[in-house]
Amino acid sequence: MDRKALEKEQLSLARKVLLEDKFGDLRLVAGADLTFLDIWKNPTEGLAAFVIVDFKTGRIVEENIISGIVDFPYIPTFLAYRELPLLLKGFENLKNKADIYIIDGQGIAHPRGLGIASHFGVVLDVPSIGVAKSLLFGRYREPDPRRFTPLYSKHSGEIIGWVIRPSKGKKMLFVSPGHKVSVNTSLKIVLEFLRRKWEIPTFLAHNLLQRERRRRLYG
DNA sequence: GCGACAG
DNA sequence: ATCTTGTCGC
Ligand SMILES: [Mg+2]
């Protein structure tokens with residue numbers, strides 16, 4: 001499948017994205033991320049982790065790691081074709097099902113409106129949010145520490161997400177809705193984690209993976 | 001044609 | 001994404 005075909009598939013799936021809150025009370029919030037044992041090899045073994053947090057207490061309800069072979073290369077705007085397969089495998093392996101899934105990457109803040117978080121949400125038909133550590137698409141004004149600014153589409157000028165500066169010295173967060181959640185609610189949910197000084201679930205998943213990776217490579 | 005470019 | 005501890009600055 002060439003780039004053009006994948007772009008058409010993304011545009012097709014993007015039409016299914018729903019930017020309205022389609023969930024009841026938020027009890028469990030999941031965070032997901034991936035790591036790779038050898039980033040210099042192309043078919044390489046990847047690890048996907050999901051960490052599920054109780055949104056009322058902040059307690060970790062489940063930590064789940066699965067592994068598998070990843071062969072698709074990283075190409076900007078096509079991240080899902082590299083990371084989604086393992087995320088789907090990890091999702092199926094979960095004991096608990098979360099009310100919303102936060103994925104490391106963009107939601108609708110993508111040239112064709114389908115970042116990995118949206119792709120994940122549409123395919124599984126579950127609410128999702130994208131929290132990225134850098135910009136892929138859109139324009140914004142840098143927020144002051146502990147403030148946030150809107151992220152505008154370079155196509156329509158509409159607000160497609162938010163840029164949050166957790167605190168001075170910390171890197172900015174690029175938040176955008178994935179699926180079945182509104183632009184405003186996606187911001188509220190992430191801000192709530194920050195307000196309560198809880199680690200964002202995607203970072204919990206990332207940290208868990210680093211420990212697991214070092215364990216497999218060294219002692 | 002040039003610059004931008006999640007992980 | 002990963003390689004890496006101490007160190008400089010507020
Ligand atoms: Mg990641």
Side-chain angles (χ1 to χ4, degrees), chain A residues 3 6-7 10 13-14 17 31-51 65 67-90 101-123 128-140 142 144-146 151-155 160-179 186 190 200-219:
Chain A
R3 296 250 242 276
L6 296 182
E7 288 180 4
Q10 290 181 319
L13 289 173
V17 170
D33 190 25
L34 273 73
T35 191
F36 304 91
L37 270 44
D38 186 355
I39 58 174
W40 298 107
K41 262 179 52 181
N42 185 290
T44 183
E45 184 174 8
L47 304 178
F50 279 76
V51 174
I65 297 179
S67 65
I69 297 301
V70 173
D71 50 42
F72 200 94
Y74 166 67
I75 302 173
T77 75
F78 295 102
L79 175 66
Y81 292 96
R82 174 175 173 76
E83 303 193 341
L84 190 59
L86 243 50
L87 285 182
L88 298 181
K89 180 178 179 180
Y101 294 81
I102 302 180
I103 310 298
D104 179 28
Q106 314 292 343
I108 63 171
H110 176 282
R112 290 171 292 284
L114 195 85
I116 188 169
S118 293
H119 203 142
F120 177 93
V122 169
V123 167
S128 63
I129 295 173
V131 175
K133 298 177 291 297
S134 64
L135 176 73
L136 170 66
F137 172 79
R139 55 172 103 264
Y140 65 95
E142 276 209 20
D144 290 327
R146 302 192 61 72
L151 177 62
Y152 300 97
S153 168
K154 299 177 78 171
H155 295 326
I160 55 176
W162 310 89
V163 181
I164 304 175
R165 192 142 204 141
S167 63
K168 51 186 176 184
K170 279 201 172 185
K171 292 179 298 182
M172 294 184 284
L173 297 178
F174 296 76
V175 180
S176 59
H179 183 49
S186 57
V190 174
I200 305 296
T202 47
F203 286 79
L204 290 176
H206 182 83
N207 296 336
L208 175 64
L209 285 172
Q210 295 314 303
R211 296 195 295 274
E212 177 63 19
R213 181 172 185 283
R214 293 196 305 258
R215 179 186 321 177
R216 293 203 184 194
L217 297 181
Y218 313 100

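All values derive from a computational prediction rather than experimental measurement. Chain letters run A, B, ... following the sequence lines, proteins first and then strands; every chain starts at 1.
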| d(NZ, A:Lys41; P, C:dC3) in whole Å | 15 Å
| Side chains of A:Trp162 and A:Leu151: does their closest heavy-atom pair fall under 4.5 Å? | no
| query | Taking CG from A:Asp38 and C1' from C:dC3, how many angstroms apart are they, rounded to a whole number? | reply | 12 Å
| message | Aromatic contact between A:Phe78 and A:Phe72, with the criterion being ring centroids under 6.0 Å apart: yes or no? | response | no
| What is the distance from CD of A:Gln210 to C1' of C:dC3, rounded to the nearest Å? | 11 Å
| task | Could you tell me whether the side chain of A:Arg216 reaches within less than 4.5 Å of the side chain of A:Leu47, counting heavy atoms only? | result | yes
| remark: Walking DNA chain C from its 5' end, the first of A:Thr35 and A:Lys168 to be reached, judged by nearest nucleotide, is A:Thr35
| said: Counting Watson-Crick and G-U wobble pairs with both distances under 3.5 Å, what is the dot-bracket string for DNA chain B, 5' to 3', using [ ] for crossing pairs and | for pairs to another strand? | reply: .......
| task | Indicate, with a heavy-atom threshold strictly under 4.0 Å, whether A:His206 touches base, sugar-phosphate, or nothing. | result | sugar-phosphate
| Should the ring pair A:His155 and A:Phe137 be called parallel, tilted or perpendicular, given that the plane angle runs from 0 to 90° and is split at 30 and 60? | tilted
| request: Any chance you could list the contact pattern along nucleotides 2-7 of chain B? Use B for base contacts, S for sugar-phosphate-only contacts and - for none, protein heavy atoms under 4.0 Å, 5' to 3'. | output: ---BBB
| query | Taking all non-hydrogen atoms of both residues, which atom of A:Ser118 and which atom of A:Gly178 are closest, and how far apart? | reply | OG-O, 2.8 Å
| Side chain proximity check, A:Ile116 to A:His110, heavy atoms < 4.5 angstrom | no
| A:Glu142 vs A:Val163 side-chain heavy atoms within contact, under 4.5 Å | no
| task | Take the angle between the ring planes of A:Phe50 and A:Phe120 and call it parallel below 30°, perpendicular above 60°, tilted in between. | result | tilted
